[in-house]
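Residues take their numbers from the sequence shown, with the count starting at 1. Note: hydrogens, waters and symmetry copies are ignored here, and every other heavy atom, side chains too, is used.
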Amino acid sequence: TDAGQAQQLVELFLPYLRVKSTARGDRLKEHVIKLLRGLLRRVERPLQHVRALAVQFGTLRTREARSELCMAWQTLAEVSGGSEPPALGAVASALTELNAYSETQLDELDYDRRVDAYNTLPAVLDQLDATLALPLLCQSIHDVELDDIALKHSASHTITLLVKHAAAQPEEKGAAQ
């Protein structure tokens with residue numbers, strides 16, 4: 001398909017990402033994200049959809065849906081070619097690590113990889129604009145609700161850092177409207 005048709009399809013599928021997060025809703029979103037991932041390679045400006053994908057880190061609950069979302073972010077990093085914005089690849093990698101599962105235990109979070117990923121975020125923070133900070137904020141808010149105390153602490157610390165980083169940024173034109 002050409003870029004125009006791909007863009008039309010993306011715009012048709014994006015509203016499905018606003019479906020209420022239930023087990024059934026997450027399955028639907030998982031399939032929509034999989035479709036979007038393929039279409040993002042064909043649209044002219046795939047980065048205009050970053051915000052719609054970013055907020056999903058705060059709503060998706062199932063492992064499969066979150067995994068598909070991480071792959072979509074990897075796709076965004078690939079199609080941007082590292083040119084614009086340069087931190088997109090680092091954010092995509094961090095999101096993948098923040099959603100890591102154990103390779104030895106069934107359906108068990110990989111706590112070490114997740115905590116390590118949180119520990120790498122302060123170094124990346126200076127490169128982030130508000131758009132790229134959003135998925136990390138949503139991921140952190142999601143992780144604050146987990147049972148693991150170390151992950152809760154790392155997530156809440158990251159939220160604090162993101163808020164301080166946002167407060168230190170100059171106001172964007174049109175943001176006050």
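Taking CG of Leu162 as the reference point, atom SG of Cys138 lies at 10.0 Å (rounded to 0.5 Å). For the atom pair Glu30 CD and Gln56 CD, the distance stands at 12.5 Å (nearest 0.5 Å). Within the model, atoms CG of Leu161 and CG of Leu137 stand 11.5 Å from one another, a figure rounded to the nearest 0.5 Å. The CE atom of Met71 lies 11.5 Å from the CG atom of Asn99; values are rounded to the nearest 0.5 Å. The line from CD1 of Ile33 to CG of Leu14 is 10.0 Å long, rounded to the nearest 0.5 Å. One finds the CG atom of Leu136 at 8.0 Å from the OG1 atom of Thr158 (value rounded to the nearest 0.5 Å).
There is a side-chain donor-acceptor pair under 3.5 Å between Ser21 and Lys29.
When hydrophobic clusters are built by joining Ile, Leu, Val, Met, Phe, Trp and Tyr residues whose side-chain heavy atoms come closer than 4.5 Å, directly or via intermediates, Val55 is not grouped with Val144. Residues Leu134 and Leu98 fall into different hydrophobic clusters, defined by Ile, Leu, Val, Met, Phe, Trp and Tyr side chains chained together at heavy-atom separations under 4.5 Å. By the rule that hydrophobic residues join a cluster once side-chain heavy atoms approach within less than 4.5 Å of another member, Leu125 and Leu121 end up as members of one cluster.
Heavy-atom contacts from other residues, nucleotides or ligands closer than 6.0 Å to CZ of Arg63 number more than 12.
Closest heavy-atom contact between Leu17 and Ala52: CD1-O, 4.2 Å. In terms of heavy-atom proximity, Arg42 sits nearest to Ala6 at CB-CB, 3.8 Å. Taking each heavy atom of Ala117 and Ala94 in turn, the nearest pair found is CB-O, 4.2 Å. Closest of all the heavy-atom pairs between Val19 and Tyr16 is CG2-O, 3.1 Å. Nearest heavy-atom pair, Leu132 versus Trp73, reported as atom, atom and distance to 0.1 Å: CD2-CZ3, 4.2 Å. Among all heavy-atom pairs drawn from Thr131 and Pro135, the shortest one is O-CD, 3.3 Å.
Ion pair Lys152/Asp143 not flagged as a salt bridge, since none of the NZ, NE, NH1 or NH2 atoms sits closer than 4.0 Å to an Asp/Glu carboxylate oxygen. Between Glu97 and Arg114, no side-chain nitrogen of the basic residue sits less than 4.0 Å from a carboxylate oxygen of the acidic one, so the salt-bridge criterion is not met.
Contact check for Glu11 versus Gln8: no side-chain heavy atoms found under the 4.5 Å cut-off. Between Asp148 and Tyr111 there is a side-chain heavy-atom pair separated by less than 4.5 Å. Contact annotation: the side chain of Leu109 approaches that of Leu151 to within less than 4.5 Å [non-hydrogen atoms, C-beta and beyond]. Side chains of Val32 and Leu28 form a contact here, defined as non-hydrogen atoms less than 4.5 Å apart. Two residues are said to be in side-chain contact when any heavy atoms from C-beta on lie closer than 4.5 Å; Gln139 and Tyr118 meet this criterion.
The aromatic rings of His153 and His157 sit parallel, their planes meeting at an angle under 30°, below the 60° perpendicular limit.
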Would you check, one step at a time, whether the test side chain to side chain contact (heavy atoms under 4.5 Å, CB included) holds for Leu69 with Leu95?
CA-CA 9 Å; Leu69 185 56; Leu95 290 167; over 6 Å; no
Arg61 and Glu145: salt bridge (Lys or Arg N to Asp or Glu O under 4.0 Å), yes or no, with the steps?
CA-CA 11 Å; Arg61 300 288 177 229; Glu145 299 173 3; 3.5 Å; yes
Carefully, step by step, assess Glu78 and Gln74 under the rule side-chain hydrogen bond (donor to acceptor under 3.5 Å, both in side chains).
CA-CA 6 Å; Glu78 290 169 16; Gln74 291 293 343; over 6 Å; no
Apply side chain to side chain contact (heavy atoms under 4.5 Å, CB included) to the pair Lys34 and Glu64, showing each step before the final yes or no.
CA-CA 11 Å; Lys34 185 179 268 186; Glu64 296 80 10; over 6 Å; no
Apply side chain to side chain contact (heavy atoms under 4.5 Å, CB included) to residues Gln7 and Glu44 and explain how you reach the verdict.
CA-CA 8 Å; Gln7 182 63 33; Glu44 287 181 17; over 6 Å; no
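Using modelled atom types, one side-chain atom of Arg66 and one backbone atom of Leu60 make a donor-acceptor pair closer than 3.5 Å. When atom types are taken as modelled, the side chain of Ser80 and the backbone of Ala77 share a donor-acceptor pair closer than 3.5 angstrom.
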